[in-house]
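Proteins get letters first, then strands, A, B, ... in listed order; numbering begins at 1 in each.
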Amino acid sequence: MGSNRITYAQLLETNNLIQMSADETYWLCVTRTVQESKLFPVPAYMMLSYMMSYYRYPSLLRKIESRMLAEEIGDRARNAGIKIQNPSMGWALPGFYLLGREWLITLGLIRPQDALQDLIYVMDFWKRFQLSWHRNNGHITNKEFGHRGQFLPERRVQIFHADMYDCSQGDELHEAAQNFMAAASQYGFLISCESRISLHNSGPYKLADDREMIVRDFMDLSESDFPWLDGVAANVPYNNLTVTMAVKDCHVYLVDDWGSFESKPAFTADKLTGVGLYTSDTLSDGYVPVAMGSREELTACFRSLTEKIKDANNKLWRRVAGWSRDQMIDAGAITYFSIIKDLAHVAGVYDVNDWMMVDERAERFRPLFNDEYSRDALVGLCIGTHTSHRLSEYTMMQHSNAPQRLYSLIPYSVLQGDDYTPSSGPIYPGASHLPAKVDRYNTTRGVIKLEEYNRLSREMRPPTVDPKYRYLCETWVKYHAGEPLADELYKLEQANSRLLKGKGSMLKRVDIEKLRASLR
Amino acid sequence: MAKLYIDNDKYAEPNASVVVDAYHGAIHDLIRRKLESAGGDWASFVFDKSYDLITSKDFEAIEKKLLGTGHRFDWSAMISVRERPEAYKPATGLGDDIKNFSFEHPEAVVAPPDAQGREQRGVGDNVVKYPKNLVGIARYIRSSERVLELLTTGVPVETVAIIDDSGGTLTAPILEEFKGVICAGGTVRSHLGILTREYGIPCLMNAKVSGIKEGDRVEIECTANAKTAEAYQTGVEMTAKVWRLTK
């Protein structure tokens, strides 16, 4: 047992966070999609990834926090389209860890009170990150916000709004942007071994009575962390791309913690009326415009990117088609498990051995993961049909009304002397069937080696987290707009804006619309 | 024999999956035996001794025992059955037998030819509503070998891909070349549904079809309303027809 005394308040809060994650996991799994593939053994790699997450996340998160607190990383998450958003942080961090825990409970290999300090810590890390990332909307998840994903401060939304170019179906920019998003979506699914975790949608932000804006991120596109992109993605010039999308006559009524959205009426290409393009990473200090000097430049850039992505897509597909089952499982499991790896990049403590390897404790289970058992065990985990899920017949679970609970709660009896164990232990060695990662990382500061990447990340101090500006929140802006410090804050963000550079803090949405109209 | 914490579960019930039940029963027995051999002390077993005592060989033995009963696993990824055909149910319709293969869904709605010579062979969930129905040539795309062949030789024009994989990766390098898609799995929100919407390719997901052979001319009713999220959640049927053209 550890030296830190566990309190009733800690257990109450941790169980609440566990239950919150459980409720949303069930809803997401039941309503969002059917996950299957003839190419990748998806359920097998998902099961393995949950084991990897269970055994390693506590140690890796502690390592990250030894350099940077979760709430500071949460502040930075509002400033870049990288994998510290959804589905990584809103769902996967607690989800993968808790799904792994639940499966081990079902197997009888752990009890609900085992690795208790790990569990409390992981959920607390998640809570602090989420509250910080969601600071501007005051919720902990998109679910709590009624399935809405507004994170950005006004000063950033105004730039996205002002600088996007109008487009309409049939024009060159519209066609180029649409083709790019189709190709990038397809490539994203392949990079991520059939999962959707290379893509993220957030918003909507209200641009006008008939228009909303969705911010769509395409992540990990170039040579960076994944060994399977070495070589094939060398010509993809940006690792992360963010497309701002104005949609007309279409209300985005749901943006979930997986980063997918629903709208009424359904979003179709004809409803896209404006686009912009940006890149970002842990070294970029926010969103950097890409080819945003003119609509012609942007159109040409979308076309060029589309060709490069299609080329990378075809090369990657040929590589994957030649993989063994173990290689496919490793790539998928590593993709899933490392969904939160950008936390380590932000903190400057990224290590290939931490994130691109299968921990030997998880590896033991591989012989169980044939297609049939993996499928049935996974479905059981996601909809709550394993023995550990069963509750009293009087119970009615949220959404299903069945006597079940997706994640076991911690028994409070540990507070009156029942034994528990504190931790699953440190990181154990790992291995992979995939080729070793080449030490080459495409960043906004150029193609660099990992040592330099970590060093630059540790040196990075964006204004967002500078003590002078960090707590100048949206509530503060409401009552201080026009003052020198507020103008300074806005001008920092506006430095790379085509239309708003130097405009300061007093503009409102109508002013942005007028500015855009004057330039049409 | 040592007892596990979960052995005293007031609400436990058997799992609906026979394989899961068999595996979990065997694993529980394994852990009881290993815990017993370690002296029965849970605290030193759970995150310490068990790491060495419970190994991949133990799990291989559990699988071997199940296969020894004659059970063969369902497969979902081709690579699984290709690498271990002895452990999985046979795969059909993936190679030379494609000419005689057809999806045969037991709930496929079929009807005799209408006045235009269109014989209904099933229904599916329409992803996007288009102004005109789509006519093309049915071609089954079910393996990476087939995709590689088409990637090399080119996708024939007019191809309506008949697919049982609702994912977005099997057909990744050639999807854009399809004129239409009929997918036997997934929903309009599956990755294949998302991608066909982005590419502007008419597509039916969750298609229940029968009797469509390689090379048949088919028509997809992509003028039908797209299936909505509400329709899925409330169980409302919103389907589009698939016809085989006899004229």
Visitor: Can you tell me how far CD of B/E63 sits from CG of A/L368, rounded to the nearest 0.5 angstrom?
Guide: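 That separation rounds to 8.5 Å.
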
Visitor: Determine the option with the most heavy-atom pairs under 4.5 angstrom with chain B, choosing from A/E393, A/K264, A/K310, A/R364.
Guide: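 It is A/R364.
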
Visitor: Assess whether a salt bridge exists between B/R189 and A/E262, defined as any Lys/Arg side-chain N lying under 4.0 Å from an Asp/Glu carboxylate O.
Guide: yes

Visitor: So which of A/T387, A/N313, A/D114, A/N314 has the largest heavy-atom pair count under 4.5 angstrom toward chain B?
Guide: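 Of the options given, most contacts go to A/D114.
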
Visitor: Could you tell me which portion of B/L66 (side chain, backbone, both or neither) has an atom closer than 4.5 angstrom to a non-hydrogen atom of chain A?
Guide: neither

Visitor: With a 4.5 Å limit on heavy-atom distance, are the side chains of A/E372 and B/W75 in contact?
Guide: no

Visitor: Please name all residues satisfying side-chain hydrogen bond (donor to acceptor under 3.5 Å, both in side chains) with A/R366, sequence neighbours left out, ordered by chain then number.
Guide: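 side-chain hydrogen bond (donor to acceptor under 3.5 Å, both in side chains) list for A/R366, sorted by chain: A/D326, A/D330, A/E363.
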
Visitor: Heavy-atom cut-off 4.5 Å, strictly under: side chain, backbone, both or neither for B/I54 against chain A?
Guide: both

Visitor: If I measure from the heavy atoms of chain B, does A/T106 come under 4.5 Å with its side chain, its backbone, both, or neither?
Guide: both

Visitor: Got a second to check how far A/Y373's OH is from B/S17's OG, nearest 0.5 Å?
Guide: 8.5 Å

Visitor: Supply the atom-to-atom distance B/D21 CG to A/D376 CG, rounded to the nearest 0.5 angstrom.
Guide: 10.5 Å

Visitor: Can you tell me which portion of A/A183 sits under 4.5 Å from chain B's heavy atoms? Options are side chain, backbone, both or neither.
Guide: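 For A/A183, the contact with chain B is made by backbone and side chain together.
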
Visitor: For A/L391, is it the side chain, the backbone, both, or neither that has a heavy atom closer than 4.5 Å to a heavy atom of chain B?
Guide: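 For A/L391, backbone heavy atoms alone lie under 4.5 Å from chain B.
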
Visitor: Is there side-chain contact between B/L148 and A/R318, with at least one heavy-atom pair below 4.5 Å?
Guide: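 Side-chain contact under 4.5 Å: yes.
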
Visitor: With a 4.5 angstrom heavy-atom cut-off, is it the side chain or the backbone of B/I31 that approaches chain A, or both, or neither?
Guide: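 Only the side chain of B/I31 comes within 4.5 Å of chain A.
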
Visitor: Check whether any side-chain heavy atom of A/N179 sits under 4.5 Å from a side-chain heavy atom of B/Y199, and report yes or no.
Guide: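 Not in contact.
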
Visitor: Do you know which of B/P173, B/G185, B/G200 has the most heavy-atom pairs under 4.5 Å to chain A?
Guide: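 That would be B/P173.
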
Visitor: Are A/S37 and B/D165 close enough that some pair of their side-chain heavy atoms sits under 4.5 Å apart?
Guide: yes

Visitor: Just so I understand: if I count every heavy-atom pair under 4.5 Å between each of B/T228, B/L35, B/V46, B/L192 and chain A, which residue has the most?
Guide: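 Max contact count across the listed options: B/V46.
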
Visitor: Within a radius of less than 6.0 Å around NZ of B/K65, do more than 12 heavy atoms belonging to other residues, nucleotides or ligands occur?
Guide: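 No - once you tally the heavy atoms of other residues, nucleotides and ligands closer than 6.0 Å, there are 12 at most.
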
Visitor: Can you tell me how far CZ of B/R84 sits from CG of A/D371, rounded to the nearest 0.5 angstrom?
Guide: 10.0 Å

Visitor: In terms of heavy-atom pairs under 4.5 Å, which option from B/E176, B/R142, B/K57 contacts chain A the most?
Guide: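 When all of B/E176, B/R142, B/K57 are compared, B/E176 has the most.
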
Visitor: Working to the nearest 0.5 angstrom, can you tell me the gap between B/M78 CE and A/L39 CG?
Guide: 5.5 Å

Visitor: Checking heavy atoms, do the side chain of B/V128, its backbone, both or neither come under 4.5 Å from chain A?
Guide: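 B/V128 touches chain A through side-chain heavy atoms alone.
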
Visitor: Checking B/E198 against A/Q186 for the side-chain contact (heavy atoms from CB on, under 4.5 Å) test, could you report, in this order, the C-alpha distance in whole Å, the side-chain angles of both residues, the deciding distance, and whether it holds?
Guide: CA-CA 9 Å; B/E198 298 259 10; A/Q186 178 134 58; over 6 Å; no

Visitor: For the residue pair A/F189 and B/H191, does the interplanar ring angle fall in the parallel (under 30°), tilted (30 to 60°) or perpendicular (over 60°) class?
Guide: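 Judged by the thresholds at 30° and 60°, the geometry between A/F189 and B/H191 is parallel.
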
Visitor: Are A/R390 and B/D9 within salt-bridge range, i.e. N to O under 4.0 Å?
Guide: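 Here A/R390 does not pair with B/D9 in a salt bridge, since their nearest N and O are not under 4.0 Å apart.
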
Visitor: If you measure from CD1 on B/I6 to OG on A/S408, what distance do you get to the nearest 0.5 Å?
Guide: 10.5 Å

Visitor: Based on non-hydrogen pairs under 4.5 Å, which of B/S76, B/S144, B/G193, B/P14 is most in contact with chain A?
Guide: B/S76

Visitor: Is A/S324 in contact with chain B via its backbone, its side chain, both, or neither, using a 4.5 Å heavy-atom distance?
Guide: both

Visitor: Report the relative orientation of the aromatic rings in A/Y428 and B/Y51; use parallel for angles under 30°, tilted for 30 to 60°, perpendicular for over 60°.
Guide: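 A/Y428 vs B/Y51 ring planes: perpendicular.
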
Visitor: Does CD belonging to B/E214 count more than 12 external heavy atoms closer than 6.0 Å?
Guide: yes

Visitor: Tell me, do A/V320 and B/T169 make a side-chain contact under 4.5 Å, heavy atoms counted?
Guide: no

Visitor: Looking only at atom types and distance, does a side-chain atom of B/W42 sit under 3.5 Å from a main-chain N or O of A/R111, one as donor and one as acceptor?
Guide: no

Visitor: So, do B/Y11 and A/S392 sit near enough that their side-chain heavy atoms are less than 4.5 Å apart?
Guide: yes

Visitor: Between A/F180 and chain B, with a heavy-atom cut-off of 4.5 Å, which part of the residue counts as in contact: side chain, backbone, both or neither?
Guide: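 Contact with chain B: none, neither part.
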
Visitor: Where does A/Q113 contact chain B at under 4.5 Å (heavy atoms): side chain, backbone, both or neither?
Guide: side chain

Visitor: Find the one option among B/R197, B/R82, B/H71 whose heavy-atom pairs under 4.5 Å with chain A are most numerous.
Guide: B/H71

Visitor: Which is it for A/S185 and B/L195 under the side-chain contact (heavy atoms from CB on, under 4.5 Å) test, yes or no, and what are the steps along the way?
Guide: CA-CA 7 Å; A/S185 298; B/L195 290 173; 3.8 Å; yes

Visitor: Please tell me whether B/S80 and A/R325 have a donor and an acceptor in their side chains that are separated by less than 3.5 angstrom.
Guide: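 Short answer, yes.
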
Visitor: Applying side-chain contact (heavy atoms from CB on, under 4.5 Å) to B/D164 and A/K38, what does each step give before you reach the verdict?
Guide: CA-CA 8 Å; B/D164 49 352; A/K38 285 284 174 290; 3.5 Å; yes

Visitor: Do you know which of A/L190, A/L109, A/L104 has the most heavy-atom pairs under 4.5 Å to chain B?
Guide: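 Looking at each option in turn, the highest pair count goes to A/L109.
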
Visitor: Check step by step if ring-ring contact (aromatic ring centres under 6.0 Å, His included) holds for B/F59 and A/F365.
Guide: CA-CA 7 Å; B/F59 297 129; A/F365 297 98; 5.2 Å; yes

Visitor: If you count heavy-atom pairs under 4.5 Å with chain A, which of B/A87, B/G168, B/A172, B/G167 comes out on top?
Guide: B/A172

Visitor: Which answer fits A/S424, side chain, backbone, both or neither, if we ask what part of it has an atom under 4.5 Å from a heavy atom of chain B?
Guide: both

Visitor: Checking side-chain polar atoms at under 3.5 Å, does A/N370 have a donor or acceptor matched by the opposite partner on B/Y23?
Guide: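 Yes, B/Y23 and A/N370 have a side-chain donor paired with an acceptor closer than 3.5 Å.
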
Visitor: Is there side-chain contact between B/E13 and A/T385, with at least one heavy-atom pair below 4.5 Å?
Guide: no

Visitor: A/I110 versus B/Y5: any side-chain heavy-atom pair under 4.5 Å?
Guide: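 The answer is no, as the side chains (C-beta and beyond) never meet within the 4.5 Å cut-off.
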
